[in-house]
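Notes follow once the structure below has been shown.
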Amino acid sequence: GEGEPIPQPPERWLTGNLGEINPEFSMGSLWRLADVYGPIFTLNLVKRKIVVLSSHALINEVCDEKRFEKKVAGAQEAIRVFVKNGLFTSYNEEEEWGIAHRTLLPAFGPLHVRTMFPKMTDILSQMILRWDRFGPDYRISTHDDFTRLAFDIIGLCAFNHRFNAFYSEELIPFAKQLGDVLIETGKRTSRPEIQNTLAFLSKRHMMENIHAMWKVCDDIVAERKANPRPDIDDTLNVMLNAKDPVTGKGFTDENIRYQMATFLVAGHDTSAGTMMFLFYNLLKHPEAMQKCYAEVDAVLGDRELQMEDIPKLKYIDAAMKEALRFCGPIPAFMRQAKETTIIGGKYKVTPNETLTFNLKGLHNDPAVWGPDAAEFKPERFLNGGWERLPPNSWKPFGTGVRSCIGRYLAEQEVLITMAMVLQRFVIEMADPDYELKIKSTLTIKPDEFYIKARRRPGRD
Ligand code: HEM
């Protein structure tokens, strides 16, 4: 059958529903439209059609890997100009995805991530030293310092390379270049093709930035080839030496570059954004923050953090999960039907439509989260609360075979950061009446969010 029509805002001649989308913050537009049109609505964005899903019932159905799969489209497809067929932006049918997925999964698995512990604490002690040196009145840019932190951690953990981002006042060039490229690819997705053709100067500038970032990756590889390190087992060595059990193939040098760029892109912005949202929420909920301090004091006191302490940070882990439920750095991801099918019992969708998961809708659905879904309550993830949730209720890391490969790395990095920072500092908002403002690029994060860090008495 044809199914029932999917709710849609009125279309305009030539521009369809494009006028509904604010190009500066497209996710905000989808949140607003979901309030008006409900758990499923469709938009004609001229170049493509999207169907936005905002309820647990619909998202749970579309998580089914037999009927649906990841879709690479929109802003994600636009960054292929830089990261090509790296894991994140590979089309499902690209052979490189399978090779990389199979060989790299163990390198990002929980056991291997545990071995990264000393590297993570090494970088964190640089941040702590910096906060100490600047003193209690210094306005810490959470964006800049968590970007430095996440960037240095992924560089050291994945490639044994030190970006030394805490040693320079400016953000490191890679972060700056990436920011510029994301702005440009973002513009190019929302601009008609003819305007893109005309914008050749900005395209040239974008390609210069991209070549500069590729060179950073290529130089690290060249350095490793010149000085092999058989003594370590980082991601770079895995890629240089791997033979995929299924195809018998390894990585080409070109693909290694795109995977490295992918890890740097996917691995720093998201982790930094998560830490920013977590601190923001905890500072807005002092009773939850107090419980985090109490836990750090009970588990650590004033001795040095050990890997064995991490699983004991249960409240902080719950606060992190709650922050990711409340508003995570990736507010949406995309799926497509493998074949034309009916969803929600009555709506027909075809494979070329983009099925967008609106995570704010899912993570606030009272059917799963109850009447207090709009409140920040880490307690809901404590004491098995997590296991009692229906399947596919909490999806900040994506779903299925294309879900986040860096999840364990990111979670461990956030927990270590919280433990080491709260053990030493009293954290305050630099602007006590700061209200959340969101900055949107490929990810979303709090904008203009500054904190102050004062040494805790007796913790120096
Ligand atoms: C995929 C979220 C940290 C690497 C994804 C996806 C999400 C996500 C939602 C699926 C995207 C889609 O379906 O289109 C997050 C969040 C993070 C985080 C919230 C931090 C809290 C990291 C880190 C890395 C990483 C630290 C470092 C390597 C990747 C890669 C993929 C991915 C390579 C693509 C996997 C594939 O398609 O096979 N992430 N991520 N992420 N993430 Fe993360």
Side-chain angles (χ1 to χ4, degrees), residues 27 59 62-63 65 68-77 79-80 83-92 94 96-105 107-109 112-113 116 120 146-147 149-159 234-236 238-239 255 258-278 317 320-321 323-336 354-359 362-363 392 394-418 442-445:
M27 201 60 218
I59 286 176
V62 177
C63 280
E65 296 268 282
F68 303 92
E69 61 190 353
K70 167 164 169 147
K71 185 173 196 90
V72 178
Q76 216 182 82
E77 191 165 38
I79 61 161
R80 277 184 60 103
V83 283
K84 310 262 174 171
N85 53 7
L87 273 170
F88 188 67
T89 43
S90 275
Y91 298 117
N92 295 313
E94 279 177 303
E96 287 83 356
W97 179 81
I99 298 174
H101 177 76
R102 286 183 293 268
T103 54
L104 289 173
L105 212 51
F108 286 101
H112 196 253
V113 166
M116 298 171 183
M120 292 185 179
F146 292 148
T147 299
L149 179 71
F151 214 87
D152 268 15
I153 286 182
I154 189 75
L156 192 60
C157 292
F159 319 129
D234 64 358
T235 319
L236 181 53
V238 172
M239 292 192 288
N255 189 250
Y258 303 136
Q259 303 295 359
M260 291 174 77
T262 297
F263 298 142
L264 292 173
V265 176
H268 90 280
D269 221 25
T270 47
S271 298
T274 302
M275 294 180 209
M276 293 171 76
F277 280 122
L278 180 52
D317 181 65
M320 169 178 72
K321 292 195 165 82
L324 286 169
R325 178 190 74 88
F326 217 57
C327 188
I330 301 198
F333 56 89
M334 296 167 289
R335 308 270 288 165
Q336 65 196 5
T354 302
L355 304 173
T356 299
F357 283 12
N358 166 16
L359 292 182
L362 172 68
H363 292 164
N392 302 313
W394 184 80
K395 294 267 115 174
F397 290 102
T399 197
V401 288
R402 302 296 303 265
S403 66
C404 183
I405 202 172
R407 174 172 173 183
Y408 298 107
L409 193 157
E411 290 183 333
Q412 180 173 305
E413 158 182 38
V414 173
L415 292 177
I416 292 176
T417 302
M418 293 306 289
L442 195 59
T443 61
I444 62 173
K445 340 184 174 82

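Each ligand, and each atom within it, is numbered from 1 in the order the structure gives. When a residue number appears, it is its place in the shown sequence, counting from 1.
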Task: Separation between OG of S90 and CD1 of I99, rounded to the nearest 0.5 Å - done: 10.0 Å

Task: Atoms of ligand 1, numbered as shown, that sit under 4.0 Å from any heavy atom of P329 - done: 19 (C)

Open item on the list: Checking the N or O distance criterion of under 3.5 Å, is ligand 1 in contact with H101?
Closed with: no

TODO: Supply the atom-to-atom distance E69 CD to R335 CZ, rounded to the nearest 0.5 angstrom.
DONE: 8.0 Å

TODO: Decide side-chain contact (heavy atoms from CB on, under 4.5 Å) for R80 and Y91; before the verdict, give the C-alpha distance in whole Å, the side-chain angles of both, and the deciding distance to 0.1 Å.
DONE: CA-CA 10 Å; R80 277 184 60 103; Y91 298 117; 3.3 Å; yes

TODO: Taking all heavy atoms of A107 and all of V238, pick out the closest pair and write down the distance.
DONE: CB-CG2, 4.2 Å

- [ ] May I ask you to list the protein N, O or S atoms found at less than 2.8 Å from atom 43 (Fe) of ligand 1?
- [x] C404 SG

Task: Nearest-neighbour protein heavy atom for atom 21 (C) of ligand 1, which is reported as residue plus atom name and distance - done: T274 OG1, 3.1 Å

- [ ] Determine whether the aromatic ring centres of F357 and F68 lie less than 6.0 Å apart.
- [x] no

Open item on the list: Minimum heavy-atom separation for T270 and P329, please, with both atom names.
Closed with: O-CG, 3.4 Å

Task: Which residue and heavy atom of the protein sit nearest atom 12 (C) of ligand 1, plus the separation - done: K70 NZ, 3.4 Å

TODO: Carefully, step by step, assess L104 and F263 under the rule side-chain contact (heavy atoms from CB on, under 4.5 Å).
DONE: CA-CA 11 Å; L104 289 173; F263 298 142; 3.6 Å; yes

Open item on the list: Using a 4.0 Å cutoff against the non-hydrogen atoms of F108, which atoms of ligand 1 qualify?
Closed with: 28 (C)

Open item on the list: Taking 4.0 angstrom as the limit and counting only heavy atoms of W97, give me the atoms of ligand 1 inside it, by number and element.
Closed with: 36 (C), 37 (O), 38 (O)

TODO: For ligand 1, note which part of E413 has a heavy atom under 4.0 Å away: side chain, backbone, both or neither.
DONE: neither

Task: CG-CD1 distance between N358 and I59, expressed to the nearest 0.5 angstrom - done: 6.5 Å

Open item on the list: Taking 4.0 Å as the limit for heavy-atom contacts, which would you say applies to L87 with ligand 1: side chain only, backbone only, both, or neither?
Closed with: both

Open item on the list: With a cutoff of 4.0 Å, is G328 in contact with ligand 1, counting heavy atoms of the residue only?
Closed with: no

Open item on the list: With side-chain contact (heavy atoms from CB on, under 4.5 Å) as the criterion, how do I154 and L409 come out once you've worked through the C-alpha distance, each side chain's angles and the decisive distance to 0.1 Å?
Closed with: CA-CA 9 Å; I154 189 75; L409 193 157; 4.0 Å; yes

Task: For atom 37 (O) of ligand 1, the protein heavy atom that lies nearest, with its residue and separation - done: R402 NE, 2.7 Å

TODO: List the closest protein heavy-atom neighbour of atom 35 (C) of ligand 1: residue, atom name, distance to the nearest 0.1 Å.
DONE: S403 O, 3.5 Å

Open item on the list: Need the ligand 1 atom indices (1-based, order shown) with element for anything under 4.0 Å from a heavy-atom of P396.
Closed with: 2 (C), 9 (C), 19 (C)

- [ ] Before accepting this row, confirm whether a basic side-chain N of the pair E65/R402 lies closer than 4.0 Å to the acidic partner's carboxylate O.
- [x] no

- [ ] Quick one: pull up OG in S271 and CD in E411 and give me the separation to the nearest 0.5 Å.
- [x] 10.0 Å

Task: Single hit among N92, V401, N85 for side-chain contact (heavy atoms from CB on, under 4.5 Å) with W97 - done: V401

Open item on the list: Out of all atoms in ligand 1, which are within 4.0 Å of some heavy atom of F333? Include the element for each.
Closed with: 12 (C), 13 (O), 14 (O)

Task: Residue-ligand contact K395/ligand 1, heavy atom below 4.0 Å - done: no

TODO: Measure Q76 to ligand 1 on non-hydrogen atoms and call it side chain, backbone, both or neither using the 4.0 Å cut-off.
DONE: side chain

- [ ] Would you indicate whether the side-chain heavy atoms of H363 and F326 approach each other to under 4.5 Å?
- [x] no

